[in-house]
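What follows is a short report on a single structure.
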Amino acid sequence: MASGPAFKTPSKPSERRRSGQGSPSPSVTIPASPFMQKLGYGTGVSVYLMKRSPKGASRSPWAVKKINPQCDSSQRSTYQKRLNDEATILRHLKHPNIVGYRAFTEAKDGSMCLAMEYGGEKSLNDLIEERQANHQGPFPASTILRVALHMARGLKYLHNEKKLLHGDIKSCNVVIKGDFESIKICDVGVSLPLDENMMVSDPEAVYIGTEPWKPKEALEEGGVITDKADIFALGLTLWEMMTLSVPHVNLLGDADDLDEDASFDEDDFDEDAYYAALGSRPPLNMEALGPSYQKAIELFVLCTMEDARKRPPAAHIVAVLESDGAVQ
């Protein structure tokens with residue numbers, strides 16, 4: 001839901017075509033943006049907190065996604081379609097590891113809004129940035145495995161039951177409540193249909209994703225996109241939790257150095273090295289992490305195999321992690 005300013009999702013009107021629109025929800029009033037607290041922002045959209053407790057009532061708040069007013073007319077058309085697509089998809093999803101749909105309606109300022117469940121969550125990316133700023137080092141291995149299990153459960157539901165590829169898995173699109181009490185995947189607006197072979201076979205469908213999390217097959221012209229594209233991005237999300245970094249960005253200096261004081265300097269960014277590294281497994285200092293991270297490291301390595309056929313399906317990840325009583 002929230003994301004930083006770098007590595008925005010591409011936004012070409014021709015990149016996504018999907019039939020069906022999100023049907024507006026009647027009798028729901030969304031305040032204008034200045035009357036809501038801004039929670040975060042993404043590509044072309046902002047997310048706000050809508051409190052719903054009028055006099056004499058106690059209702060859970062909603063997270064409301066709206067198109068940024070700074071977008072020009074062409075951009076607004078693209079982002080409006082994505083918002084429509086997301087509403088259409090989200091209203092048919094119901095799973096404890098997928099953010100819930102609440103409404104799709106017009107706000108008082110005339111913009112269309114997608115309202116979703118909100119329980120005081122932060123994005124995983126927010127937590128990663130906070131941990132880095134506080135020099136806390138990698139997340140505990142048990143926390144990483146818990147995130148892996150709950151994300152894999154959500155992906156198993158999308159892939160196996162709904163035949164959908166999420167298409168943009170990353171820490172920004174995972175919301176966390178409290179001390180990892182709840183872990184949910186959000187942002188299904190660029191998802192793609194999967195066929196019976198778990199392939200994206202629709203010639204009209206284009207994988208968008210976000211560049212540092214894209215697998216090799218999504219970067220190559222004519223690459224075959226399957227459910228395993230989400231698995232590669234899942235592996236990189238676990239890497240984010242172990243390194244507190246963005247994949248492939250911190251390429252100067254010792255790539256294996258888990259320096260808590262390291263920060264990204266745009267002036268020193270090696271663009272050629274970055275583009276050469278895209279779609280590959282980023283380096284990880286396994287010795288610095290220690291033996292408690294062994295299972296998390298093994299899962300990361302399996303999920304980021306260059307050959308998509310060698311990556312485990314979400315259902316297999318769930319089965320393995322559930323068989324370990326230590327992972328809940």
Side-chain angles (χ1 to χ4, degrees), residues 1-25 30 32-33 36 38-48 63-93 98-99 101-116 123 125 158 162 164-175 185-194 200-215 218-219 221 223 225 229-230 233 278:
M1 300 223 312
S3 70
F7 303 109
K8 297 298 185 186
T9 304
S11 56
K12 298 178 183 177
S14 61
E15 284 182 326
R16 278 292 309 265
R17 299 181 181 90
R18 182 193 297 277
S19 61
Q21 300 288 310
S23 301
S25 306
I30 306 289
S33 300
M36 296 188 289
K38 192 171 184 179
L39 296 173
Y41 64 95
T43 308
V45 297
S46 293
V47 182
Y48 300 88
V64 176
K65 183 181 288 189
K66 300 177 66 176
I67 298 172
N68 290 335
Q70 294 84 5
C71 294
D72 60 33
S73 57
S74 174
Q75 291 174 320
R76 288 186 69 85
S77 176
T78 298
Y79 298 134
Q80 185 62 66
K81 185 179 187 312
R82 288 192 188 172
L83 203 60
N84 290 346
D85 288 347
E86 185 171 6
T88 300
I89 296 165
L90 197 59
R91 69 189 306 152
H92 293 107
L93 302 180
I98 306 290
V99 166
Y101 171 89
R102 293 297 179 263
F104 182 62
T105 191
E106 187 174 338
K108 285 189 173 181
D109 58 10
S111 59
M112 294 304 296
C113 303
L114 173 59
M116 301 162 287
S123 77
N125 179 256
L158 290 177
K162 294 300 181 178
L164 282 174
L165 179 79
H166 181 279
D168 198 17
I169 292 293
K170 56 185 177 181
S171 61
C172 294
N173 288 338
V174 181
V175 290
I185 295 169
C186 65
D187 257 344
V188 295
V190 295
S191 66
L192 297 171
L194 294 168
V200 177
S201 56
D202 181 353
E204 297 280 314
V206 176
Y207 183 93
I208 295 178
T210 304
E211 203 168 64
W213 290 266
K214 282 186 176 183
L219 295 162
E221 185 175 353
I225 307 298
D230 279 347
L278 287 178

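All residue numbers in this chain count up from 1 along the given sequence. What you see is a predicted model; the values in this text were computed from it and never measured.
Proximity of a side-chain donor or acceptor of Lys65 to a complementary backbone N or O of Met116 within less than 3.5 Å is not detected.
In this structure, the side chains of Tyr101 and Ile89 stay at 4.5 Å or more apart for every pair of heavy atoms. Residues Leu192 and Leu164 fail the side-chain proximity criterion, which asks for heavy atoms closer than 4.5 Å. The shortest side-chain heavy-atom distance between Asn125 and Lys170 does not fall under the 4.5 Å cut-off. Side chains of Leu278 and Lys214 form no contact here, defined as non-hydrogen atoms less than 4.5 Å apart.
Asp85 and Gly189 get closest at one heavy-atom pair: CB-O, 4.0 Å. Nearest heavy atom pair, residue Ser123 against residue Cys172, reads CB-O, 3.8 Å. Of all non-hydrogen atoms in Asp230 and Gly167, the two that sit nearest each other are OD1-N, 3.0 Å. Summarising the geometry of Ala205 relative to Val200, their closest heavy-atom pair is CB-CG1, 3.8 Å, with the distance given to 0.1 Å.
The distance from atom CZ of Arg102 to atom CG of Leu114, rounded to the nearest 0.5 Å, is 11.0 Å. Atoms CG and CD1, on Leu93 and Ile185 in that order, are 10.5 Å from each other to the nearest 0.5 Å. Interatomic distance, CG of Asp187 versus NE2 of His166, reported as 6.0 Å (0.5 Å rounding).
The residue from Lys81, Glu86, Gln80 that alone fulfils the side chain to side chain donor-acceptor pair (under 3.5 Å) condition with Asn84 is Gln80. Among Leu90, Asp168, Thr88, the one residue that satisfies the side chain to side chain contact (heavy atoms under 4.5 Å, CB included) test with Val188 is Leu90.
Partners of Ala229 according to the side chain to side chain contact (heavy atoms under 4.5 Å, CB included) rule, which considers only residues two or more places apart in sequence or in another chain, are Leu165, Tyr207, Pro215, Glu217, Ile225.
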Exercise for review: Take Arg82 and Ile208 through the side-chain contact (heavy atoms from CB on, under 4.5 Å) test and state the conclusion after the steps.
Suggested key: CA-CA 12 Å; Arg82 288 192 188 172; Ile208 295 178; 3.7 Å; yes

